[in-house]
Chemist: 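Have a look at the structure that comes next, please.
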Protein chains: 2
Amino acid sequence: MLIYLPGNHFNIFGLKKKITLKHIARELEVSISTVSKALKNSEEIGRDTKEKVQAFAKLYNYKPNNIAISLKNKRTKNIGVVIPAIVHYFFTTVFRGIEKYANAHGYNVIVCVSDESFDKEVINMEMLANGSIDGFIMSLSAETQQKGDFNHLKEVTEQGIPLVLFDRVTEEVACDKVIINDTEIAYQAAEKLIKDGRKKIALITTYGYFNVSQKRAEGYRKALIDHGLDYTEDLILQLPYREINEESILDFFDNNQIDAVLCVNELFAILCMKLIQKRGFHVPKDISFIGFTDGILSRYASPALTTVAQHGDRMGEVAAQMLIERIESDIDEDEETFRTEIIGATLIERESTCN
Amino acid sequence: MLIYLPGNHFNIFGLKKKITLKHIARELEVSISTVSKALKNSEEIGRDTKEKVQAFAKLYNYKPNNIAISLKNKRTKNIGVVIPAIVHYFFTTVFRGIEKYANAHGYNVIVCVSDESFDKEVINMEMLANGSIDGFIMSLSAETQQKGDFNHLKEVTEQGIPLVLFDRVTEEVACDKVIINDTEIAYQAAEKLIKDGRKKIALITTYGYFNVSQKRAEGYRKALIDHGLDYTEDLILQLPYREINEESILDFFDNNQIDAVLCVNELFAILCMKLIQKRGFHVPKDISFIGFTDGILSRYASPALTTVAQHGDRMGEVAAQMLIERIESDIDEDEETFRTEIIGATLIERESTCN
DNA sequence: ACATTTCACGCAAACGGTTTCGTGTTGATA
DNA sequence: TATCAACACGAAACCGTTTGCGTGAAATGT
């Protein structure tokens with residue numbers, strides 16, 4: 001039996017265990033509901049009782065149990081974030097944006113990393129969908145995009161759990177989305193290279209069917225064609241995510257007289273730039289580079305990389321805002337009025353292109 | 001009234017809402033407890049009933065509600081991670097390790113970013129401590145370290161919530177810890193520079209009282225002294241976290257004939273290396289560099305940076321393992337048998353030092 | 001002095017599970 | 001045929017809160 005005396009609510013283990021309404025009620029010889037109401041300053045409860053209860057609660061640092069409240073309200077105040085990777089500049093900035101907005105609005109964030117795997121994505125979502133979260137923010141794993149299987153997303157939305165997709169999205173799922181204007185910004189980036197007088201502009205992209213890569217490729221293609229340059233598959237190099245064969249890159253550069261490169265991420269750009277420089281070429285004089293993702297690598301590379309800033313922070317904030325609005329809009333499902341928010345990407349010019 | 005017919009458990013909103021034990025019980029005209037037991041394959045329940053219940057549950061994709069289970073068992077299967085920053089290579093690798101281990105053991109991870117702020121750290125911990133998580137893994141914010149106020153940590157441990165500190169730890173809190181052998185590895189790094197014949201070895205470190213920086217400085221100092229080199233404050237440059245004044249760095253190099261640099265992080269190293277190279281010096285011929293944190297910058301810099309790998313992944317895994325063991329060891333608090341696990345850091349030699 | 005408010009509080013259900021214990025029915029046994 | 005164990009299931013408590021409603025006592029009105 002615990003005895004609650006001021007300054008002494010250590011139990012036999014020397015622990016100040018969390019106190020519950022029941023404890024307060026027992027100690028003050030009132031009912032649990034009285035305590036609950038007193039703490040909420042209900043008009044139903046008398047002055048004296050309220051003061052007594054509040055003082056006691058304060059003394060013992062009473063804090064309501066989140067889990068119990070979640071069960072009662074069917075609101076966890078948690079949002080689930082499922083992303084393909086965490087050790088990745090773009091995703092961490094998006095996450096930072098999400099966390100910032102969510103926290104400011106009383107929500108916590110549970111992160112699961114799909115590791116680009118379809119199965120992990122499914123498992124993680126199923127775990128979280130059983131009451132742990134009020135909504136999802138996610139970006140599709142590579143495997144999911146390749147597979148084209150979005151049933152796990154559909155199930156979640158059919159259950160009435162709000163979902164916001166960002167960056168790597170799909171049209172097959174009806175939900176809110178946040179993306180950047182990939183095609184346009186890729187067009188602008190390519191156009192900048194063209195205006196700098198470059199004639200053989202390569203595109204270095206990923207393997208597989210990444211939504212964003214495709215859109216960027218489309219912008220690149222359109223820019224070349226619009227400006228009367230030859231668009232040929234020879235100018236496009238696809239690289240795997242891991243275990244990049246440097247030889248193949250050098251071969252690619254050797255076989256085409258490339259004078260500018262647009263890469264769909266910063267890693268490819270930095271890597272190629274380094275190889276090319278070792279080969280004796282000068283950046284940007286001989287070859288200029290533009291990448292995507294204004295990450296830490298872009299800023300500190302030599303030369304600093306001209307790049308497309310995707311504004312991940314902003315993206316995360318917008319995604320969180322859309323999700324939380326959905327969650328809190330009690331008006332039963334604004335039936336099919338899903339929005340797609342477009343974050344304007346911007347080209348940041350640095351040393352890897354001519355001013 | 002919902003009617004449960006195969007292939008039709010959509011409600012009036014067109015939503016396949018999650019089904020509960022109560023629904024199954026009502027539909028099958030048995031009690032809730034029977035359903036619960038049947039789904040657990042209890043011996044108490046007859047064959048027919050079990051089959052009937054299980055089939056129904058499968059058909060309607062019944063999954064128990066995590067929140068209800070958490071309330072019952074007083075176990076959330078969530079762990080709280082509080083870190084100073086997320087857009088930061090080292091912390092993301094640690095996080096990856098935590099997430100990997102936790103997920104493999106059925107735990108989810110709630111992340112809160114303290115943003116190097118004491119107040120945010122406190123608020124985040126208080127939010128999570130009210131039942132949302134079973135334990136904490138954290139690394140102290142800069143402000144907390146400066147302030148030296150660890151009451152929020154002590155309160156948590158006094159409540160019986162397990163806590164594991166990593167990297168930025170403090171001796172003032174009794175809990176499990178995971179750190180690297182900072183002093184020794186800094187000693188080894190400095191020693192390597194000395195053995196390469198360097199005479200004027202600088203230390204570039206942070207302002208303020210970072211536990212790890214101090215320990216690294218200590219290793220550096222000891223190496224110099226042990227090898228008969230002059231140890232002088234002139235050789236130490238302290239930089240702020242943000243808004244680094246490049247002039248002051250160049251002044252520092254100009255005023256001392258430095259031929260090697262040990263930096264307490266990779267950013268400082270990359271930055272200084274870049275400045276020095278612009279100044280016309282050759283790395284590593286004129287000046288060699290060693291950094292801490294084997295991040296993406298180190299690998300892709302020119303020249304690639306020799307650096308101390310802190311093995312964040314491993315650190316995260318170990319921290320998660322220690323925490324989960326604590327959580328699941330029902331044996332009431334192995335009173336004061338806290339461990340401090342040391343992850344062996346390793347020096348990775350690359351191009352910024354002579355082979 | 002009696003009827004009616006008002007006040008201050010407690011009861012109990014609910015959220016969605018788990019689990020202990022009790023009980024009616026059945027079949028076997030003496 | 002009376003006894004009893006085995007079987008199959010239900011009732012209820014519990015985790016910690018919230019909240020609608022009921023109720024005894026005091027305060028008010030007539």
Side-chain angles (χ1 to χ4, degrees), chain A residues 2 17-54 56-57 60-78 127-134 159-161, chain B residues 2 17-54 56-57 60-78 128-134 159-160:
Chain A
L2 294 179
K17 275 284 180 197
K18 280 269 172 214
I19 206 179
T20 70
L21 291 184
K22 190 191 279 190
H23 293 135
I24 303 183
R26 238 208 296 274
E27 217 53 33
L28 263 36
E29 298 183 307
V30 292
S31 77
I32 292 179
S33 42
T34 301
V35 177
S36 176
K37 289 167 187 168
L39 291 175
K40 294 192 125 56
N41 239 321
S42 161
E43 292 304 323
E44 255 183 294
I45 305 300
R47 264 187 81 84
D48 302 355
T49 312
K50 275 202 276 196
E51 283 174 5
K52 197 173 56 173
V53 172
Q54 287 170 6
F56 191 92
Y60 290 101
N61 192 32
Y62 168 79
K63 293 278 165 51
N65 180 305
N66 290 335
I67 299 293
I69 292 181
S70 294
L71 182 59
K72 187 98 245 282
N73 317 338
K74 301 178 147 214
R75 282 283 168 83
T76 62
K77 285 274 186 178
N78 284 155
M127 276 219 55
L128 296 180
N130 297 320
S132 300
I133 51 94
D134 296 338
Q159 279 171 29
I161 302 178
Chain B
L2 292 180
K17 275 285 179 197
K18 282 266 172 216
I19 204 179
T20 71
L21 289 185
K22 191 190 280 190
H23 293 135
I24 302 183
R26 238 208 296 275
E27 216 54 32
L28 264 36
E29 297 182 307
V30 291
S31 76
I32 293 179
S33 42
T34 301
V35 177
S36 176
K37 289 168 189 166
L39 291 175
K40 294 191 125 56
N41 238 320
S42 161
E43 291 304 324
E44 256 184 293
I45 306 299
R47 260 186 85 82
D48 303 356
T49 312
K50 276 203 275 197
E51 282 174 5
K52 197 172 57 173
V53 171
Q54 287 171 5
F56 192 93
Y60 289 100
N61 192 32
Y62 168 79
K63 294 278 166 52
N65 181 305
N66 290 334
I67 299 293
I69 293 180
S70 293
L71 182 58
K72 183 97 244 275
N73 317 341
K74 302 179 145 213
R75 282 282 170 82
T76 61
K77 286 275 187 176
N78 285 154
L128 297 179
N130 297 321
S132 299
I133 51 95
D134 296 338
Q159 278 172 29

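The sequence lines fix the lettering, A, B, ..., with proteins before strands; numbering per chain opens at 1. What you see is a predicted model, and the numbers here were worked out from it, not measured in a lab.
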Chemist: So, do A/V35 and A/V30 sit near enough that their side-chain heavy atoms are less than 4.5 Å apart?
Modeler: yes
Chemist: Counting C-beta onward and ignoring hydrogens, is there a side-chain heavy-atom pair between A/N78 and A/L128 closer than 4.5 Å?
Modeler: no
Chemist: With the criterion being N/O to N/O and under 3.5 Å, what pairs connect the protein with nucleotides 4-7 of chain C, and how long is each?
Modeler:
none

Chemist: Within the 4.0 Å heavy-atom criterion, would you say A/S70 contacts the bases, only the backbone, or no part of the nucleic acid?
Modeler: nothing
Chemist: B/K40: which residues meet the side chain to side chain donor-acceptor pair (under 3.5 Å) condition with it, sequence neighbours left out?
Modeler: none
Chemist: Mind checking what makes side chain to side chain donor-acceptor pair (under 3.5 Å) contact with B/S36, not counting sequence neighbours?
Modeler: none
Chemist: Are B/I24 and B/I19 side-chain neighbours, meaning at least one heavy-atom pair lies under 4.5 Å?
Modeler: yes
Chemist: With a 4.0 angstrom cut-off to heavy atoms of chain B, pull out the first and last contacting nucleotide of DNA chain D, in 5'-to-3' order.
Modeler: D/dA8 to D/dG16
Chemist: Tell me, please, which residues at least two apart from B/K50 pass salt bridge (Lys or Arg N to Asp or Glu O under 4.0 Å).
Modeler: none
Chemist: Minimum heavy-atom separation for B/S70 to A/I67, with atom names?
Modeler: CB-CG2, 3.9 Å
Chemist: Between A/K77 and A/N66, is there a side-chain heavy-atom distance shorter than 4.5 Å?
Modeler: no
Chemist: Between protein and nucleotides 11-17 of chain C, map the contacts as a letter string: B base, S sugar-phosphate only, - none, heavy atoms under 4.0 Å, written 5' to 3'.
Modeler: BB-BBBB
Chemist: Is it true that a side-chain atom of B/D134 and a backbone atom of B/R75 form a donor plus acceptor pair closer than 3.5 Å?
Modeler: no
Chemist: If we only count heavy atoms from C-beta on, is the A/V53 to A/L28 side-chain gap below 4.5 Å?
Modeler: yes
